Amino acid sequence: ARELDEIGKTYEIEALIRRKSLTGEDTVRYRAEKSKPVVEAFFGWLKAGISARLLLPSSPFLGAASYALKREGELSVFLQDDAVAVDTNH
């Protein structure tokens with residue numbers, strides 16, 4: 001889905017942050033400007049999909065979407081803290 005491709009942009013943004021050698025508040029500002037809209041759109045897409053009942057109850061994606069939505073704050077913490085990576089797979 002296009003939305004899943006969009007979330008990949010956060011990794012591109014993180015690569016730009018490293019190339020620009022941004023740190024501290026500069027990283028937080030850059031993430032707020034570039035990553036936050038991507039993250040918000042992604043969670044909005046998840047919410048819309050669930051509320052529109054586009055996913056079957058047996059869908060593995062429904063489980064993954066529900067998991068992500070329950071942890072939206074934790075999954076978005078990197079937007080406010082420059083020391084937190086976009087994921088734990090680094």
Side-chain angles (χ1 to χ4, degrees):
R2 184 180 69 84
E3 287 77 7
L4 296 177
D5 291 337
E6 287 291 307
I7 204 71
K9 287 183 179 179
T10 59
Y11 294 93
E12 294 170 17
I13 294 163
E14 291 300 303
L16 284 170
I17 288 170
R18 286 189 299 278
R19 280 199 298 276
K20 292 175 179 247
S21 300
L22 299 179
T23 59
E25 285 302 311
D26 291 332
T27 296
V28 173
R29 277 192 290 278
Y30 198 82
R31 286 174 174 171
E33 179 185 337
K34 304 291 184 182
S35 293
K36 187 176 181 181
V38 174
V39 171
E40 288 176 343
F42 177 72
F43 282 109
W45 172 71
L46 290 178
K47 290 171 189 169
I50 288 175
S51 67
R53 300 188 190 272
L54 297 175
L55 302 170
L56 297 174
S58 61
S59 167
F61 188 75
L62 177 61
S66 297
Y67 177 91
L69 287 170
K70 287 177 187 170
R71 291 158 184 84
E72 183 175 356
E74 293 91 336
L75 295 170
S76 301
V77 73
F78 80 100
L79 296 170
Q80 293 95 28
D81 187 340
D82 71 299
V84 176
V86 69
D87 67 27
T88 58
N89 297 320
H90 57 282

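All figures in this text were calculated on a predicted structure; none of them were measured in a lab.
- Note: the hydrophobic cluster containing Val28 does not contain Val86 (ILVMFWY, side chain heavy atoms under 4.5 Å, direct or indirect links).
- A distance of 5.0 Å separates CG in Leu22 from OG1 in Thr27, rounded to the nearest 0.5 Å.
- A salt bridge between Glu12 and Lys9 is absent, with no side-chain N of the basic residue lying under 4.0 Å from a carboxylate O of the acidic one.
- Going from atom CD of Glu72 over to atom CD of Glu74 covers 9.5 Å, rounded to the nearest 0.5 Å.
- The two residues Pro37 and Ala32 have their closest heavy-atom pair at CD-O, 3.6 Å.
- At a threshold of 4.5 Å between side-chain heavy atoms, the hydrophobic network of Ile, Leu, Val, Met, Phe, Trp and Tyr places Leu62 and Ile7 in one connected group.
- Taken to the nearest 0.5 Å, the CG atom of Leu79 stands 8.0 Å off from the CD atom of Glu40.
- A 4.5 Å side-chain heavy-atom check between Lys36 and Val39 finds every atom pair outside the cut-off.
- To the nearest 0.5 Å, atoms CD1 (Ile50) and CH2 (Trp45) are separated by 10.0 Å.
- The shortest non-hydrogen separation linking Arg19 to Leu16 is NH2-CD2, 3.0 Å.
- Between Leu69 and Lys47, the shortest heavy-atom contact is CD2-CG, 3.6 Å.
- Judged by distance alone, with hydrogens and angles left aside, the side-chain atoms of Thr10 form no donor-acceptor pair with the main-chain N or O of Ser35 at under 3.5 Å.
- To the nearest 0.5 Å, atom CG of residue Leu75 and atom NZ of residue Lys70 are 13.0 Å apart.
- In this structure, the side chains of Gln80 and Arg31 stay at 4.5 Å or more apart for every pair of heavy atoms.
- Criterion: ILVMFWY side-chain heavy atoms under 4.5 Å apart, direct or through other members. Under it, Tyr11 and Ile13 are not part of a common hydrophobic cluster.
- Residues Phe78 and Phe43 fall within the same hydrophobic cluster, defined by Ile, Leu, Val, Met, Phe, Trp and Tyr side chains chained together at heavy-atom separations under 4.5 Å.
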